[in-house]
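To start, the structure itself, in structure tokens.
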2 protein chains.
Amino acid sequence: MQEEAFVLLGNKNLSRTPCRVEMLKVLLDSGSALSDAEIRNKLPQHFDRTTIYRTLRSFLEQDVIHSIALEGGDVRYAVTHHKDQNTRQFHAHFYCDSCSGVYCLSRASFVPPQMPEGFVASGYDVLVNGKCRNCN
Amino acid sequence: MQEEAFVLLGNKNLSRTPCRVEMLKVLLDSGSALSDAEIRNKLPQHFDRTTIYRTLRSFLEQDVIHSIALEGGDVRYAVTHHKDQNTRQFHAHFYCDSCSGVYCLSRASFVPPQMPEGFVASGYDVLVNGKCRNCN
DNA sequence: AAAAACTTTGCAACATTGTTGCAAAATTAA
DNA sequence: TTAATTTTGCAACAATGTTGCAAAGTTTTT
């Protein structure tokens with residue numbers, strides 16, 4: 001994971017600082033999308049709140065990660081994988097009603113929606129809920 | 001709108017207080033979903049922040065309104081219409097990239113997604129983005 | 001219609017969350 | 001190794017949301 005983190009940071013010209021490396025490792029290690037609090041709790045050492053917020057912002061700006069908005073306004077973060085690049089217009093995620101885990105889904109099985117008169121769609125996000133592979 | 005507000009409150013056994021009536025009228029008058037700040041700004045008189053938060057919570061609990069989470073964590077609120085009742089498993093909304101307006105969409109034109117092995121879907125939400133009827 | 005029972009409101013205090021400026025420390029480039 | 005640049009942590013601040021409680025309002029009962 002360390003290697004992968006270094007590569008991701010290098011690709012986006014982000015300097016290899018401990019906070020960035022550790023946050024990225026946490027996200028890479030996790031099978032699911034994490035809230036900022038979850039990321040903070042999984043870090044091996046303490047970093048200032050400010051630094052974490054700023055790091056999240058940098059990652060988002062550079063598209064190293066993307067955010068997923070849940071019903072109610074909670075936000076989770078997940079690493080943006082290469083295979084997602086063709087998918088910028090379309091994100092699909094799964095929310096588990098049992099464990100609250102959030103997983104990125106492949107877009108393959110979705111059909112683009114038709115719009116009512118006057119509305120022109122340029123992209124869309126889908127949030128599926130149900131039970132994840134660990135909770136069935 | 002006054003009448004409609006009274007009916008909606010009555011249906012859910014919510015007492016007919018000025019704050020509730022006015023908030024509901026604002027939401028009924030609006031063609032699009034509103035943030036709490038937008039609701040507050042459209043109110044004809046001042047109500048305490050606390051009261052507005054509590055009223056939103058009551059409305060959500062009683063399903064008078066529903067919340068729509070946008071990318072980044074912003075939340076909008078819209079009245080839950082009767083025709084949406086069969087649609088509890090499925091919400092579709094439109095976000096306008098120009099004016100930031102949020103509109104409820106009918107679900108008719110969406111095809112349910114297929115899930116990867118081990119995941120069982122029980123419902124899903126779609127957030128389409130693009131240009132709304134006023135911005136084309 | 002008036003009184004009693006119950007609910008909602010507004011205020012104050014507090015907790016949480018996120019932002020900004022700036023000097024110190026770390027990273028990268030020369 | 002030094003110089004230039006960027007990031008970090010702290011402090012202060014701003015914004016957002018919550019809780020307890022007395023006063024005011026709404027609904028129910030008589």
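Chain letters run A, B, ... following the sequence lines, proteins first, then strands; residues in each count from 1. What you are looking at is a predicted structure, and each value in this text was computed from that prediction instead of being measured.
- To the nearest angstrom, P of C/dT28 lies 10 Å from CG of A/Leu14.
- A/Arg54 places its CZ atom 9 Å from the P atom of D/dG9, with the value rounded to the nearest Å.
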Before you tell me yes or no, could you show the steps for A/Arg76 and A/Ser67 under side chain to side chain donor-acceptor pair (under 3.5 Å), namely the whole-Å CA-CA distance, both residues' side-chain angles and the distance that decides it to 0.1 Å? CA-CA 6 Å; A/Arg76 303 283 175 88; A/Ser67 69; over 6 Å; no
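- In terms of heavy atoms, A/Ala78 sits closest to A/Cys104 at CB-SG, 3.9 Å.
- For B/Arg49, the side-chain atoms get nearest to D/dG17 when compared with the rest of C/dT20, C/dG10, D/dG17.
- For the pair B/Arg16 and B/Phe6, the cation-pi criterion (under 6.0 Å, within 45° of the ring axis) is fulfilled.
- One atom, CG of B/Asp36, and another, P of D/dA15, lie 14 Å apart when rounded to the nearest Å.
- The side chain of B/Thr50 has C/dC11 as its nearest neighbour among C/dT27, C/dC11, D/dC10.
- For A/His66 and A/His93, the distance between ring centers is under 6.0 angstrom.
- Nucleic acid contact for A/Thr51: base, since at least one base atom lies under 4.0 Å from a heavy atom of the residue.
- Taking atom CD on A/Glu22 and atom P on D/dG9, their separation rounds to 12 Å, with Å as the unit.
- As judged by a 4.0 angstrom heavy-atom cut-off over every strand, A/Ser15 is placed among residues touching the sugar-phosphate backbone only.
- The CG-C1' distance, from B/Leu56 to D/dT16, rounds to 13 Å in whole Å.
- Of the side-chain N and O atoms in A/Arg20, one or more sit less than 4.0 angstrom from OP1 or OP2 of D/dT7.
- At the phosphate of C/dT9, OP1 or OP2 sits under 4.0 Å from a side-chain N or O atom of B/Thr17.
- Between A/Asn13 and A/Arg40, the residue anchored closer to the 5' end of DNA chain C is A/Arg40, taking for each the nucleotide with the nearest heavy atom.
- Rounded to whole angstrom, the span from the CZ atom of B/Phe59 across to the P atom of C/dT7 amounts to 17 Å.
- In this structure, the CG atom of A/Asp48 is 18 Å from the P atom of C/dC22, given to the nearest Å.
- Rounded to whole Å, the distance from CG on B/Leu43 to P on C/dT9 is 12 Å.
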